[in-house]
**Q** 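Here's a structure for you.
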Amino acid sequence: MKAFHENRRYRTNLRFQSFLTRNIHFLAHWHQEVELVYVKEGAVWMGVNREVRRLVQGDFAFCASGDIHFYDSKEESSALLIQIFHPGLAGLPGGWPQDVRLLSPFLTKTSGARSAEEYGVLANLMAGLMERAHEEWQQAGPCYERIITGLLHEMCGYAERHMELEPADEGNAKRRLANMKVMQRVLDFLEEAYTGEITMEQAAQAAQMSPFYFSRFFRGMTGMSFPAYLNSIRVSRAEELIRSTNRTMLDIALECGFSNVRTFNRVFRQFHGSSPSRLRQG
């Protein structure tokens, strides 16, 4: 179950994926690739590291390599174009951006000092590049790998030209990297241990923090409390087993870290508004 540290698989040697998704809800996770997001319709909440923003139609987000990020539809409707690729495809095997950092991962109508007209021109340009890359990836015509690589160079170039940047200060970079590594370590710990009994004190110990500070740190990075995140992991895994196996609800509850069926049913209802047995019946 690689939902928290995502190891991606690609259909070819081109380490690039492009997909349209609706009403996405995805727990905080991280991966080595860069992730570009374009909101085609509606609105979605997105968190990147410790910044959370409600993105609306025409907004963009840029997740650098290793960034902790999550999506939460919060009962809103949305359609997103998401493109994920190895930074080496943009000529930066060490990670994007290089020698600078984004002051914010979000490019929106209200960010920066540009006028609405200026933003419209930029948004149309970026959306057009992403749409072309998506079309090339879907059609997989002759030389499409080279064309997509060129489009990624353009996208990253325009992003760096128009987004607010600052020099990569060594001290700030080290602190930011340290926080990311702590969170990555915690997510990896949960990925391995979510089926057993886990307390916040144990997770705080893995992060080498006090429980009080860890609770605030975890919510800031994931947008959820630690207990809610842990239950989300367990419920997501239970859904997979309910849909794909004929195992009893007791077996599924115990495998997913719940102590009994009663607790499993209660937590499942909190997330879905219905019982797990109803999911199987549906």
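Note that the coordinates shown come from a computational prediction; the quantities given were computed from them, not determined experimentally.
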**Q** Heavy-atom distance under 4.5 Å between the side chains of Asn265 and Pro276, does that happen here?
**A**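 The answer is yes; the side chains approach within 4.5 Å.
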**Q** Would you check if His25 and Val44 make a side-chain contact, meaning some heavy-atom pair closer than 4.5 Å?
**A**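 They are not in side-chain contact.
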**Q** Just by modelled atom types, is the Arg237 backbone N or O under 3.5 Å from a matching donor or acceptor in the Tyr194 side chain?
**A**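 Absent.
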**Q** Determine whether a donor-acceptor pair (N or O, by modelled atom type, separation under 3.5 Å) exists between the side chain of Asn260 and the backbone of Arg262.
**A**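 Confirmed, Asn260 side chain pairs with Arg262 backbone.
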**Q** How close do Pro105 and Val48 get, counting heavy atoms only, and between which atoms?
**A**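 Nearest pair, atom of Pro105 first, then Val48: CG-CB, 3.6 Å.
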**Q** Indicate yes or no for a side-chain donor-acceptor contact from Glu160 to the backbone of Gly157 under 3.5 Å, with no hydrogens or angles considered.
**A**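 No.
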**Q** Does any non-hydrogen side-chain atom of Ser65 lie less than 4.5 Å from one of Glu35?
**A**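 The answer is no; the side chains never approach within 4.5 Å.
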**Q** Would you please test His162 and Glu118 for side-chain hydrogen bond (donor to acceptor under 3.5 Å, both in side chains) and show each step?
**A** CA-CA 10 Å; His162 293 284; Glu118 289 172 328; over 6 Å; no
**Q** In this structure, are over 12 heavy atoms from other groups packed under 6.0 Å from Gln202 atom CD?
**A**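 For Gln202, atom CD is crowded (more than 12 foreign heavy atoms under 6.0 Å).
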**Q** Is any side-chain heavy atom of Phe258 closer than 4.5 Å to one of Asn231?
**A**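 Yes - at least one pair of side-chain heavy atoms lies under 4.5 Å apart.
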**Q** Could you pull out every donor-acceptor pair under 3.5 Å between side chains of residues 131-139 and any protein atom, sequence neighbours left out?
**A**
{"from": "Glu131", "atom 1": "OE2", "to": "Lys40", "atom 2": "NZ", "distance (Å)": "2.4"}
{"from": "His134", "atom 1": "ND1", "to": "Ser18", "atom 2": "OG", "distance (Å)": "2.6"}
{"from": "Glu135", "atom 1": "OE2", "to": "Gln139", "atom 2": "NE2", "distance (Å)": "3.4"}
{"from": "Trp137", "atom 1": "NE1", "to": "Phe16", "atom 2": "O", "distance (Å)": "3.2"}

**Q** Would Phe264 and Phe271 show up in the same hydrophobic cluster when neighbours are defined by side-chain heavy atoms closer than 4.5 Å?
**A**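 Same hydrophobic cluster.
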**Q** Is any side-chain heavy atom of Leu55 closer than 4.5 Å to a side-chain heavy atom of Thr108?
**A**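 Result yes, sub-4.5 Å side-chain heavy-atom pair found.
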**Q** Taking the six-membered ring for Trp, are Phe218 and Phe226 parallel (under 30°), tilted (30 to 60°) or perpendicular (over 60°)?
**A**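 Perpendicular: the ring planes of Phe218 and Phe226 meet at over 60°.
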**Q** Using side-chain heavy atoms (C-beta onward) and a distance below 4.5 Å, is Leu89 in contact with Leu14?
**A**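 Touching, per the 4.5 Å side-chain cut-off.
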**Q** When you compare the side chain of Ile233 with that of Leu190, does any pair of heavy atoms fall below 4.5 Å?
**A**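 When only atoms from C-beta onward are counted, Ile233 and Leu190 do touch, with a gap below 4.5 Å.
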**Q** Determine the minimum heavy-atom distance between Phe60 and Ala127, stating which atoms define it.
**A**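 That closest heavy-atom pairing would be CZ-N, 3.8 Å.
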**Q** What's the shortest heavy-atom distance between Ala207 and Phe214, and which atoms?
**A**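 What the structure gives for the nearest pair is CB-CD1, 3.7 Å.
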**Q** Considering residues, nucleotides and ligands other than Arg185, do more than 12 of their heavy atoms fall under 6.0 Å from its CZ?
**A**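 Counting other residues, nucleotides and ligands, CZ of Arg185 exceeds 12 neighbours.
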**Q** Spell out, yes or no, whether Tyr158 and Leu102 are grouped together once hydrophobic residues are joined by side-chain heavy atoms under 4.5 Å, including indirect joins.
**A**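 Shared cluster, yes.
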**Q** Treating Ser215 as the side-chain partner and Pro211 as the backbone partner, does any N or O pair qualify as donor plus acceptor under 3.5 Å?
**A**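 Flag not set: sc Ser215 to bb Pro211 has no pair under 3.5 Å.
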**Q** Tell me whether the rings of His29 and His31 are parallel (<30°), tilted (30 to 60°) or perpendicular (>60°).
**A**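 Correct class here is tilted.
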**Q** Donor-acceptor pair, Glu41 side chain versus Leu80 backbone, under 3.5 Å?
**A**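 Looks like no, no N/O pair under 3.5 Å.
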**Q** Do Phe268 and Arg278 come close enough that some side-chain heavy atom pair is under 4.5 Å?
**A**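 The answer is no, as the side chains (C-beta and beyond) never meet within the 4.5 Å cut-off.
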**Q** Is it the case that the side chain of Asn23 and the backbone of Ser78 share a donor-acceptor pair, with hydrogens and angles ignored and the cut-off at 3.5 Å?
**A**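 Flag set: sc Asn23 to bb Ser78 pair under 3.5 Å.
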**Q** Please report the closest heavy-atom contact between Glu51 and Leu103, naming both atoms and the distance.
**A**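 Scanning both residues completely, I find the closest heavy atoms to be OE1-O, 4.3 Å.
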**Q** So, does Thr263 use its side chain to make a donor-acceptor pair with the main chain of Ser259 at under 3.5 Å?
**A**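 Such a contact is absent between Thr263 side chain and Ser259 backbone.
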**Q** Measure across Met126 and Ala159 and return the closest heavy-atom pair with its distance rounded to 0.1 Å.
**A**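 In this case the closest contact between Met126 and Ala159 is SD-N, 4.5 Å.
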**Q** Determine whether a donor-acceptor pair (N or O, by modelled atom type, separation under 3.5 Å) exists between the side chain of Thr222 and the backbone of Met224.
**A**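 Side chain of Thr222 to backbone of Met224, a donor-acceptor pair under 3.5 Å: yes, one is there.
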**Q** Quick check: does any side chain N or O of Thr21 sit under 3.5 Å from a backbone N or O of Ile24, one acting as donor and the other as acceptor?
**A**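 Pair absent, no side-chain N/O of Thr21 close to backbone of Ile24.
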**Q** Ignoring hydrogens and geometry, is there a side-chain-to-backbone donor-acceptor pair from His86 to Gly88 under 3.5 Å?
**A**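 Confirmed, His86 side chain pairs with Gly88 backbone.
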**Q** Could you tell me whether Arg247 atom CZ has more than 12 heavy atoms of other residues or ligands within 6.0 Å of it?
**A**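 Yes - once you tally the heavy atoms of other residues, nucleotides and ligands closer than 6.0 Å, there are more than 12.
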